[in-house]
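Chain A is the first sequence line, chain B the second, and so forth, proteins listed ahead of strands; every chain is numbered from 1.
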Amino acid sequence: MSLTTREVLRLRQSYLRKAREFFSGLGVLEVDTEMLSEFPALDPNIEPFSTLYFEPGYESKPTVAGGAPLYLHTSPEYAMKRLLSEGSGPIYQISHVFRNGEKGRIHNPEFTMLEWYRPGFSLEDLMEEVSGLIETMLRARAPIQITYRELFERELSLNPLSVSCEELIEKCVALNLPPPDSFKNEKDTLLQYLLSQAIEPGLGFDRPTFVYNYPPSQAALAKVSSDHDKVAMRFELYINGIELANGYHELTDPVELEQRFAKENRLRIRQGKRPLPPDLHLLDALKKGLPECSGVALGFDRLIMLATKAESVHDILPLSNWKP
Amino acid sequence: MKYQTNEFKKGLKLEIDGNPNIIVENQFIKPGKGQPFNKVRLKNLVTGNVIERTFKSGESVDGADMEERTMQYLYSDGAIYHFMDTKSHEQVEISKGQLGENWKWIQESMDCDVLFYKGNPLTVEIPNFSVIEITYCEPGVKGNTATGATKPATLETGAEINVPLFVEQGDKVKVDTRSGEYVERYKG
């Protein structure tokens, strides 16, 4: 379905309005945090754009923080958590985020994220709220929920928590999906590869699907449950094979956060990538006290793509620099 | 010469498993919070088979040692077709098999695009249209111009095509080399 520029603009405006009405009705406050930061989000697989600040006349001598780069945010998460620790209460944001190197059919290095945080909500509470949003915005059917483990057992007959790399590679080969050589010793990378190539293409068509309770090694900034079967309190929402949202019951322990930052940098170095400075402001915010909360990041451009049944996210971005 | 995944695009020729392949489709895939990779569909330029490969983003792959040169067709002695590089005047021999179906339409002095792999000719591309003389066909019945009926005709290359009934032996005809079909009688 091909839309004119005007139709795309009007559609986007109506979705922005619907999103604002949704949150206004729930008493969630809209915030608009800075996009430039001294500290980037730390993730082994997300690369930030960086830039420099200089005083007029000193173009060759950048002066902030000893000439250290500033980063465009890859997500408003860190800034919003700082606001939460200052007592903001429930907040949402619709902003552009920037991820270097990501361009493709459903990727654009600059894209719009709808992100929100609910103090006092459990992961299940937030999944229910996300369901409400997509039912309103997309007239979607009521979503279903399945754990990460149940999904792999149902689709590939293997237990992702206990399976070995060798068994995963065997499964890839059996499905005629040989992985790149460098993936072969990394269990999480193999799981992500299988999920994206063997499971996602069929996920979330009949009904939107929440996949939840991820392996602890894929927790990012989610809390890991303390019961016997440790799982990351994280969910992802899939609609028509597209990953639309990623949510957590948020990690609140600053000591654990510092350890995760160090671990992620070690992984980056192992993969030949530059380490990134951990966000000291975020660590301070958690030391001050982040309220128990759940938060979610939703790809707003992909939401519009689903609503218009567009083939590619670029079809709904009239001025995209990055059409592949 | 090596190519990195960020240089991959349709039409790029890569060396895969010792064979020259051309990229038919290139997809960038990034699982949420996971490592990105390129899923590439490639066509083997020797066998014609299509395969799928995945490459981790940032990986580099050897380019296929290929070169395209413009060569002029000179003559043939049956199994071997002789071409001359229009720049260097170097002469090259290409077997009838390597021409594919093109032996049917090739004409003296025709400029062809020859794809070389590791210095050896792999495929020959000829222009979309060729003008060839009919060396044999049955005479047409006078007045039969509108019915669309055709008759077989043999061309000077030895190939056979169907032509309208009014076309005569000795006529030159324009043929679409991609479909092998008669286009029109050549005047002049």
Part of B/Glu59 lying under 4.5 Å from any heavy atom of chain A: side chain
Check whether more than 12 heavy atoms from other residues, nucleotides or ligands sit under 6.0 Å from atom CH2 of A/Trp322, and answer yes or no. no
With only heavy atoms counted, which part of B/Lys39 is less than 4.5 Å from chain A, the side chain, the backbone, both or neither? side chain
B/Lys43 atom NZ: more than 12 heavy-atom contacts under 6.0 Å: no
Region of A/Pro179 in contact with chain B, defined by heavy-atom distances below 4.5 Å: backbone
How close do A/Arg234 and B/Gly32 get, heavy atom to heavy atom, and via which atoms? NH2-O, 4.1 Å
Could you check whether atom NZ of A/Lys103 has more than 12 heavy atoms from other residues, nucleotides or ligands sitting under 6.0 Å from it? no
Nearest heavy-atom approach of B/Gly34 to A/Asn45 is O-CB, 3.2 Å
If you count every heavy atom of other residues, nucleotides or ligands that lies below 6.0 Å from B/Asp77 atom CG, does the total exceed 12? yes
Looking at chain B, which one of A/Gly272, A/Ala220, A/Pro180 has the largest number of heavy-atom pairs inside 4.5 Å, strictly under? A/Pro180
Between A/Glu186 and chain B, with a heavy-atom cut-off of 4.5 Å, which part of the residue counts as in contact: side chain, backbone, both or neither? side chain
Within 6.0 angstrom of A/Lys323 NZ, more than 12 heavy atoms from elsewhere: yes
Max heavy-atom pairs within cutoff under 4.5 Å with chain B, candidates A/Gln271, A/His107, A/Glu243, goes to A/His107
Main-chain N/O of A/Pro178 paired with B/Thr54 side-chain donor or acceptor, under 3.5 Å: yes
Could you check whether atom NZ of A/Lys273 has more than 12 heavy atoms from other residues, nucleotides or ligands sitting under 6.0 Å from it? yes
Considering all heavy atoms of both residues, which atom of B/Phe37 and which atom of A/Gln197 are nearest to each other, and what is their separation? CZ-NE2, 3.6 Å
Go through the atoms of B/Gln35 and report whether side chain, backbone, both or neither lie under 4.5 Å from a heavy atom of chain A. both
Close side-chain approach of B/Ile29 and A/Ser196, heavy atoms under 4.5 Å: yes
Worked check of side chain to side chain contact (heavy atoms under 4.5 Å, CB included) between A/Ile46 and B/Lys30: CA-CA 10 Å; A/Ile46 297 180; B/Lys30 186 172 188 296; 4.1 Å; yes
Looking at B/Glu125, I want to see if its CD is surrounded by more than 12 non-hydrogen atoms of other residues, nucleotides or ligands under 6.0 Å. no
Can you check whether A/Thr189 reaches B/Lys56 side chain to side chain, under 4.5 Å on heavy atoms? no
Tell me, do A/Glu102 and B/Pro36 make a side-chain contact under 4.5 Å, heavy atoms counted? no
Donor-acceptor check, side chain of A/Gln192 to backbone of B/Lys33, threshold 3.5 angstrom: yes or no? yes
